[in-house]
Amino acid sequence: MNVIRTVSGLRRAVADAKAKGATVGLVPTMGALHAGHVSLIDRARKECDFVVVSDFVNPTQFNNKEDLVTYPRTEAADCEKMEKAGVDVAFIPSVEEIYPEPDTRVFDLGPVAEVMEGAMRPGHFNGVAQIVSKLFAIVEPDKAYFGEKDFQQIAVIRRMVELEGFKLEIVDCPILREPDGLAMSSRNVRLDAVHRELAPAINRILRESIDFALTHSVEETERFVAGTINSTGDLETEYYQIVDSLTMQPVDPSARPCKGMVGCVTVYCGGVRLIDNIKY
Ligand code: PAF
């Protein structure tokens, strides 16, 4: 595995691979790699000849300074996992390498980025669009891989791709879960023992909502999920919203949750912000 820290080095490595006829897969990450990331890499490995993984904690997508400071950074362990998973290039740049000057681009991401995470974390999706568009412009991959835990993020990235005219396939990959159902996340390492025990309730309640939704409306199901989570120990729901799974827009509150709808939740668990979702 080639560890590359400069944009020019990455461009050269990718150009060499493409000159040999290789198809290129990109897995953008912020490091602190876990089995969920490895599943994205495995998929890229199966589908592409040359796999690039970026490992970069992107400051422009953090609307909360403390979250940026405390975000886990585990470069040595990440490199071991990437090497083992058969990654060709690990791109691990500095902030100065990616942003020699402040990135002032504002993307017209539209309604898809205005709800849920977009409403709670102003500027977050614009920052995601900044870094992902830079990576796409440098690597020009055939395919890029993203996890469905960040369900809304995928919809926003698809919108950015349309806006910028990138020619690539966005591949969305299923959420990987711990045996007790907790969605794998780099933030899970920040849960203390008590909250690590509590956190799987989020997925359990989301799964219970599938049965509940058979006889209740969207509005009632939203109330059921948020209310049940909030009455579980120290969990606090920031939002639970059932939306159209393509547009991310709210659906008719009196309708039955059904195929084509996804419920997205954000929960504070002992100060750690966890997200998850479920398809109806
Ligand atoms: O999902 C993430 O880890 C990040 O938002 C991404 C897509 C790597 C951009 O920094």
Side-chain angles (χ1 to χ4, degrees), residues 4 7 10 25-41 43-44 51-64 67-75 77-78 81-82 85 87 89-99 103 105 107 109 112-113 116-118 120-139 141 143-161 163-164 166 168-176 183-190 248 264 266 272-277:
I4 295 180
V7 170
L10 178 59
L26 172 68
V27 183
T29 83
M30 295 208 297
L33 300 187
H34 50 67
H37 295 112
V38 174
S39 74
L40 305 185
I41 298 171
R43 175 100 180 252
V51 175
V52 177
V53 178
S54 61
D55 183 329
F56 176 66
V57 181
N58 172 41
T60 71
Q61 71 187 75
F62 284 80
N63 60 317
N64 175 331
D67 195 21
L68 172 60
V69 172
T70 57
Y71 199 85
R73 287 160 169 87
T74 57
E75 185 183 312
D78 291 350
K81 288 181 184 135
M82 288 190 267
V87 168
V89 166
F91 178 51
I92 314 183
S94 64
V95 172
E96 295 70 35
E97 181 67 18
I98 293 293
Y99 298 114
D103 191 338
R105 291 175 299 159
F107 291 81
L109 298 170
V112 82
M116 300 189 292
E117 290 301 279
M120 295 300 158
R121 305 178 68 190
H124 166 66
F125 283 134
N126 196 63
V128 170
Q130 288 175 339
I131 182 61
V132 175
S133 64
K134 272 181 188 271
L135 292 169
F136 286 179
I138 299 165
V139 176
K143 296 186 179 200
Y145 296 80
F146 296 90
E148 283 188 339
K149 182 174 73 64
D150 297 292
F151 201 89
Q152 190 181 4
Q153 172 172 274
I154 300 181
V156 170
I157 288 169
R158 287 189 193 282
R159 164 77 181 153
M160 180 278 289
V161 164
L163 280 175
E164 299 294 300
F166 287 115
L168 83 164
E169 186 187 335
I170 301 294
V171 182
D172 34 352
C173 304
I175 301 177
L176 241 71
M184 288 190 185
S185 162
S186 304
R187 289 190 163 87
N188 291 353
V189 296
R190 290 174 46 206
M248 298 290 111
C264 299
T266 295
V272 182
R273 192 172 184 274
L274 299 176
I275 68 174
D276 203 344
N277 59 74

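Note that ligands are numbered from 1 as they come in the structure, with each ligand's atoms numbered from 1 the same way.
- Remark: minimum distance from atom 9 (C) of ligand 1 to any protein heavy atom is reached at Gln61 OE1, 3.3 Å.
- In Ile157, neither the side chain nor the backbone holds a heavy atom less than 4.0 Å from any atom of ligand 1.
- In this structure, Phe151 and Met248 have side chains that are in contact, with non-hydrogen atoms separated by less than 4.5 Å.
- Of the N and O atoms on the side chains of Tyr99 and Asn58, at least one donor lies less than 3.5 Å from an acceptor on the other residue.
- With ligand atoms numbered from 1 in the order given, ligand 1 contributes 9 (C), 10 (O) to contacts under 4.0 Å with heavy atoms of Ile131.
- At a 3.5 angstrom cut-off on N or O pairs, Asn58 does not count as close to ligand 1.
- Residue, atom and distance of the protein heavy atom nearest to atom 3 (O) of ligand 1 are Met30 CG, 3.7 Å.
- No side-chain donor from either of Glu164 and Ser133 sits under 3.5 Å from a side-chain acceptor of the other.
- Taking every heavy atom of Pro28 and a limit of under 4.0 angstrom, the matching atoms of ligand 1 come to 8 (C).
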Stepwise, does the salt bridge (charged side-chain N to carboxylate O under 4.0 Å, His left out) test hold for Arg187 with Asp67?
CA-CA 10 Å; Arg187 289 190 163 87; Asp67 195 21; 2.7 Å; yes

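- Electrostatic pairing of Glu117 and Arg273 counts as a salt bridge here, judged by a charged N lying under 4.0 Å from a carboxylate O.
- The single protein non-hydrogen atom nearest to atom 1 (O) of ligand 1 is Gln153 NE2, 2.8 Å, given as residue, atom name and distance.
- With hydrogens and angles disregarded, no donor-acceptor distance shorter than 3.5 Å links the side chain of Lys81 to the backbone of Val38.
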